[in-house]
**Student:** 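This structure is in structure tokens; I'll ask about it shortly.
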Protein chains: 2
Amino acid sequence: MTENPYPSEWLRGVLGLAVLRVIADGPTYGYAIALALADQGFGEIKGGTLYPLLGRFEESGDVSAEWREGDGGPGRKYYRLTESGRRLLHDRGRMWHGFARHMSGFLTTMPTERIER
Amino acid sequence: MTENPYPSEWLRGVLGLAVLRVIADGPTYGYAIALALADQGFGEIKGGTLYPLLGRFEESGDVSAEWREGDGGPGRKYYRLTESGRRLLHDRGRMWHGFARHMSGFLTTMPTERIER
DNA sequence: CGTCGCTAGGTAGCACGCCGATCTAGATAG
DNA sequence: CTATCTAGATCGGCGTGCTACCTAGCGACG
């Protein structure tokens, strides 16, 4: 269950942005991010996708990571947005609204029946 | 010029849908599709991206192709939507509106400041 | 005690798709 | 003759998602 409602190529494109958005709610860790995204109706993000992505974000300095011992269960690596990450989320977020409207408008315009020769 | 206004990972995701939408206006050919997309504000789609994509659509039966001699210039391969292609455009188009709203809403919701421990 | 299952993170191999470069080729302009 | 635009196509490299698989802590169950 929790079927993937959207084509994976769409999800792929926005996955990074969605992850930043989740982290923006406050420091959290990979497994919880995956659960949050699944809960929010984006598909189930697999570890093999998520952890390398978080690693790239860390490498690019958009998130910072901190290890905490788990209280009941294994340790967790908590991620938080850096200043640059917050800026990235903000900018890309604004950009997304434009893109979404742009694409929706393009799809919606009535076909100007091109003359078939 | 004609800068790429959006992250390429977003464009990549919707490229197929956008191409179908262009073809929906009536039979057209690859080079013209690339020009139309650039004109519509999506970036410049490279031949190495577009032609394989059109090939995959043809293979999947969503478009059909027909060769026509060029009037002034090289020959052109005209593509038209098949019934299944039209259905795909329609369904994916509807799906896109949902996805775009979904993602926009997710980005817009105020952060429910997670308690930092 | 041994095992199962959940939580949590990580890695390796494979496959797919974008991208840049390169090629062919017709038409036209200089 | 050469350059440029149009038009299509292919190929190698690269990035990245995805499927498996692995480690490891902890609790529950028989």
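Below, chain A is the first sequence line, B the second, and so on; all start at residue 1.
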**Student:** Counting the atoms with a prime plus P, OP1 and OP2 as sugar-phosphate, which does Gly48(A) contact under 4.0 Å by heavy atoms, base, sugar-phosphate, or nothing?
**Tutor:** base
**Student:** Of the nucleotides dT7(C), dA9(D), dT10(D), which has the atom closest to the Lys77(B) side chain?
**Tutor:** dA9(D)
**Student:** Rounding to a whole Å, what distance do you find between Glu44(B):CD and dC18(C):C1'?
**Tutor:** 15 Å
**Student:** Verify the contact: side-chain N or O of Tyr51(A) to OP1 or OP2 of dG9(C), cut-off strictly under 4.0 Å; return yes or no.
**Tutor:** yes
**Student:** Measure from CZ on Arg12(A) to C1' on dC16(C) and round the result to the nearest Å.
**Tutor:** 8 Å
**Student:** To the nearest angstrom, how far is Ile45(A) atom CD1 from dG17(D) atom C1'?
**Tutor:** 11 Å
**Student:** Choosing from dG9(C), dG17(C), dT6(D), which nucleotide comes nearest the side chain of Arg56(B)?
**Tutor:** dG17(C)
**Student:** Please determine, for the side chain of Lys46(A), which listed nucleotide (dC18(C), dT19(D), dG20(C)) has the closest atom?
**Tutor:** dT19(D)
**Student:** Looking for any heavy atom pair under 4.0 Å, which part of the strands does Gly55(B) touch: base, sugar-phosphate only, or nothing?
**Tutor:** nothing
**Student:** Pick the closest DNA chain D nucleotide for Leu53(A) and for Pro74(A) by heavy atoms, then say which residue is nearer the 5' end.
**Tutor:** Leu53(A)
**Student:** Which nucleotide in the set dT10(D), dC18(D), dT7(C) lies at the smallest distance from any side-chain heavy atom of Tyr31(A)?
**Tutor:** dT7(C)
**Student:** State whether the side chain of Thr28(A) and the backbone N or O of Ile23(A) hold a donor-acceptor pair below 3.5 Å, judged by distance alone.
**Tutor:** no
**Student:** Find the distance Glu59(A):CD to dT16(D):C1' and express it as a whole number of Å.
**Tutor:** 14 Å
**Student:** Is it the case that the side chain of Thr82(B) and the backbone of Gly61(B) share a donor-acceptor pair, with hydrogens and angles ignored and the cut-off at 3.5 Å?
**Tutor:** yes
**Student:** With the side chain of Tyr29(A) defined as its heavy atoms from C-beta on, choose the nearest nucleotide among dG9(C), dC18(C), dG17(D).
**Tutor:** dG9(C)
**Student:** Supply the atom-to-atom distance Ile33(B) CD1 to Ile45(B) CD1, rounded to the nearest 0.5 angstrom.
**Tutor:** 10.5 Å
**Student:** Report the distance from atom CG of Leu50(B) to atom P of dT6(D), rounded to the nearest whole Å.
**Tutor:** 15 Å
**Student:** So does Glu66(B) pair up with Arg76(B), basic N to acidic O under 4.0 Å?
**Tutor:** no
